[in-house]
Amino acid sequence: MTDIVEYVRIKDPNEREFHQAVREFMESVSPVLEQNPEYRKAKIAERLIEPERVIMFRVPWIDDKGEIQVNRGFRIEMNSAIGPYKGGLRFHPSVNLGILKFLAFEQVFKNALTTLPMGGGKGGSDFDPKGKSDNEVMRFCQAFMAELFRHIGADTDIPAGDIGVGAREIGYLFGMYKKLRNEFTGVLTGKSLSWGGSLMRPEATGYGSVYFAAEMLGSQNQTLEGKVCLVSGSGNVAQFTAEKLIDLGAKVVTLSDSSGYIFDEAGIDREKLSFIKRLKNVRRGRISEYKEKYPESVYTPINPGSEFNPLWNHKADCAFPSATQNEINEKDAQNLVSNGVKVVCEGANMPTTLEGVHIFLNNNILYAPGKAANAGGVSVSGLEMTQNSMRLSWTHEEVDNRLRIIMKSIHKTCLDAAEQYGTPGNYVNGANIAGFLKVVNAMLDQGVV
Ligand code: NDP
């Protein structure tokens with residue numbers, strides 16, 4: 001394990017998040033590599049950490065003042081052993097190669113867990129949609145697709161949304177792809193319903209994460225009813241996590257954005273949640289405005305440089321980090337444990353630092369890593385691809401049932417693999433090992449490519 005982690009660190013010294021993802025993964029799968037010398041001989045670990053292809057490109061576009069802006073575009077095609085590359089696009093100023101490689105690496109094993117035939121990829125840009133007009137976002141998306149279109153396709157690489165890429169951006173990206181290729185195919189997922197999207201895709205990641213938490217609690221004969229829940233973020237994943245938690249009788253007391261968080265002791269009910277949806281999705285406002293509408297709540301700014309995030313320092317039963325990577329550090333994890341939290345279910349990708357993960361595992365928290373807990377999004381993307389190929393649309397119930405079955409199956413797969421490899425109840429090991437075995441066995445079947 002140390003060899004590979006060291007190798008990655010020396011080879012790509014600036015890719016901090018990628019090192020972190022590889023380290024966490026290798027901690028789980030090293031015993032499997034030890035027990036299977038054929039994996040070592042086939043240089044499986046060395047092949048897994050090297051993307052099959054990395055595409056980096058210039059994205060020049062013109063803003064509303066007529067000035068030329070230049071951003072950087074990326075697509076990481078990480079692994080296609082079990083299907084075409086599949087994974088989201090992120091538009092955020094923090095985007096760089098290291099962040100996208102970590103996301104693509106995680107995506108490979110997440111997709112393997114879904115039971116659907118999808119390889120792993122990820123992409124995006126350091127473009128910031130915040131504060132841009134619709135026309136600027138459209139011009140940027142068109143410029144981005146003017147290069148990306150030659151690398152993707154319904155049977156090759158099928159991007160979707162992620163941070164900063166929602167229905168609006170997917171629409172503009174799809175429009176440009178269609179114009180350039182002169183074909184209408186399922187090349188992107190997360191499309192609007194009237195032109196090839198799937199019912200339940202917007203809800204899928206958040207609902208799936210809550211279904212996973214319900215499964216974990218169910219394994220201990222408990223339910224979510226009456227549980228006090230901390231949720232971070234207020235974007236796609238956070239909104240639908242909160243919605244499903246409310247449906248199941250839990251009490252959601254926090255939501256956040258990158259500026260701060262709101263704490264509403266009485267609980268965020270359906271009416272308050274629809275205010276947040278309008279605020280974030282239509283008006284594109286800030287979470288601080290919740291306090292103006294509901295003065296009994298408390299708004300606290302978050303300082304990214306501070307020792308801990310106060311959002312994670314409230315008495316609660318469950319935590320659903322659903323904003324971004326590394327939003328729970330060691331101190332936050334300790335605070336969650338001290339405040340009585342028993343379930344941590346990751347809607348976001350890698351929201352917990354490695355030190356934080358160790359705290360959860362050492363305190364027997366029911367801890368679901370993102371690659372298992374947030375796999376509902378890509379699963380319904382996979383179902384969107386199936387519907388596009390069949391040229392039909394399933395009902396809401398049909399998609400929701402399939403999502404529930406997939407989340408149940410991922411939960412069982414994780415528990416079985418954890419048990420089989422001597423760490424019962426450890427969902428991190430279970431997810432990493434089960435995803436690893438599926439991908440690696442396919443790679444071995446396909447030879448040295
Ligand atoms: P959105 O863009 O819809 O929302 C992101 C939310 O997180 C916003 O509230 C945003 O606040 C906040 N946020 C973003 N960056 C930071 C930061 N650096 N610090 C604090 N808060 C931040 O994205 P999604 O909801 O789609 O994605 C959230 C997470 O879930 C990501 O980790 C993503 O990779 C993961 N995920 C998403 C899936 C999906 O289907 N969408 C599928 C699987 C995982 P602000 O508005 O201030 O930026």
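Only this structure's heavy atoms are used, side chains among them; waters, hydrogens and symmetry mates stay out. Atoms within a ligand are numbered from 1 in the order they appear, just like the ligands themselves. What you see is a predicted model; the values in this text were computed from it and never measured.
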Which residue and atom name correspond to the protein heavy atom nearest [atom], and how close is it?
{"atom": "atom 3 (O) of ligand 1", "value": "Asn236 N, 2.9 Å"}
{"atom": "atom 39 (C) of ligand 1", "value": "Thr205 OG1, 3.4 Å"}
{"atom": "atom 48 (O) of ligand 1", "value": "Lys130 NZ, 3.0 Å"}
{"atom": "atom 46 (O) of ligand 1", "value": "Arg286 NH1, 3.5 Å"}
{"atom": "atom 6 (C) of ligand 1", "value": "Gly235 N, 4.0 Å"}
{"atom": "atom 32 (O) of ligand 1", "value": "Asn349 N, 3.2 Å"}
{"atom": "atom 13 (N) of ligand 1", "value": "Ala323 CB, 4.2 Å"}
{"atom": "atom 16 (C) of ligand 1", "value": "Thr324 CG2, 3.6 Å"}

Using heavy atoms and a threshold below 4.0 Å, how should the contact between [X] and ligand 1 be classified: side chain, backbone, both, or neither?
{"X": "Ile163", "result": "both"}
{"X": "Ser232", "result": "neither"}
{"X": "Arg201", "result": "side chain"}
{"X": "Ser256", "result": "backbone"}

Are any of the N or O atoms of [X] closer than 3.5 Å to those of ligand 1?
{"X": "Lys122", "value": "no"}
{"X": "Asn374", "value": "no"}
{"X": "Gln325", "value": "no"}
{"X": "Ser259", "value": "no"}
{"X": "Gly164", "value": "yes"}
{"X": "Arg90", "value": "yes"}
{"X": "Val237", "value": "yes"}

> Which ligand 1 atoms, with their elements, are less than 4.0 angstrom from a heavy-atom of Gly233?
Replying inline: 9 (O)

Heavy atoms only: which of [options] is nearest to [atom]?
{"atom": "atom 36 (N) of ligand 1", "options": "Gly347, Gly377, Ser379", "answer": "Gly347"}
{"atom": "atom 10 (C) of ligand 1", "options": "Gly124, Ser258, Gly88", "answer": "Ser258"}
{"atom": "atom 15 (N) of ligand 1", "options": "Gln107, Lys371, His92", "answer": "His92"}

Does a salt bridge link [X] with [Y], judged by any charged N lying under 4.0 Å from a carboxylate O?
{"X": "Lys251", "Y": "Asp264", "value": "no"}
{"X": "Glu384", "Y": "Arg201", "value": "no"}
{"X": "Asp317", "Y": "Lys227", "value": "no"}

Using the ring of each side chain (for Trp, its six-membered ring), is [X] parallel, tilted or perpendicular to [Y], with breaks at 30° and 60°?
{"X": "Tyr207", "Y": "Tyr211", "answer": "perpendicular"}
{"X": "Phe57", "Y": "Phe144", "answer": "tilted"}
{"X": "Phe212", "Y": "Tyr427", "answer": "perpendicular"}

Around [X], counting heavy atoms of other residues, nucleotides and ligands shown, do more than 12 lie under 6.0 Å from its [atom1]?
{"X": "Glu265", "atom1": "CD", "answer": "no"}
{"X": "Lys412", "atom1": "NZ", "answer": "no"}
{"X": "Asp63", "atom1": "CG", "answer": "yes"}

> Would a line drawn from the ring center of Tyr261 to the ring center of His314 be shorter than 6.0 Å?
Replying inline: yes

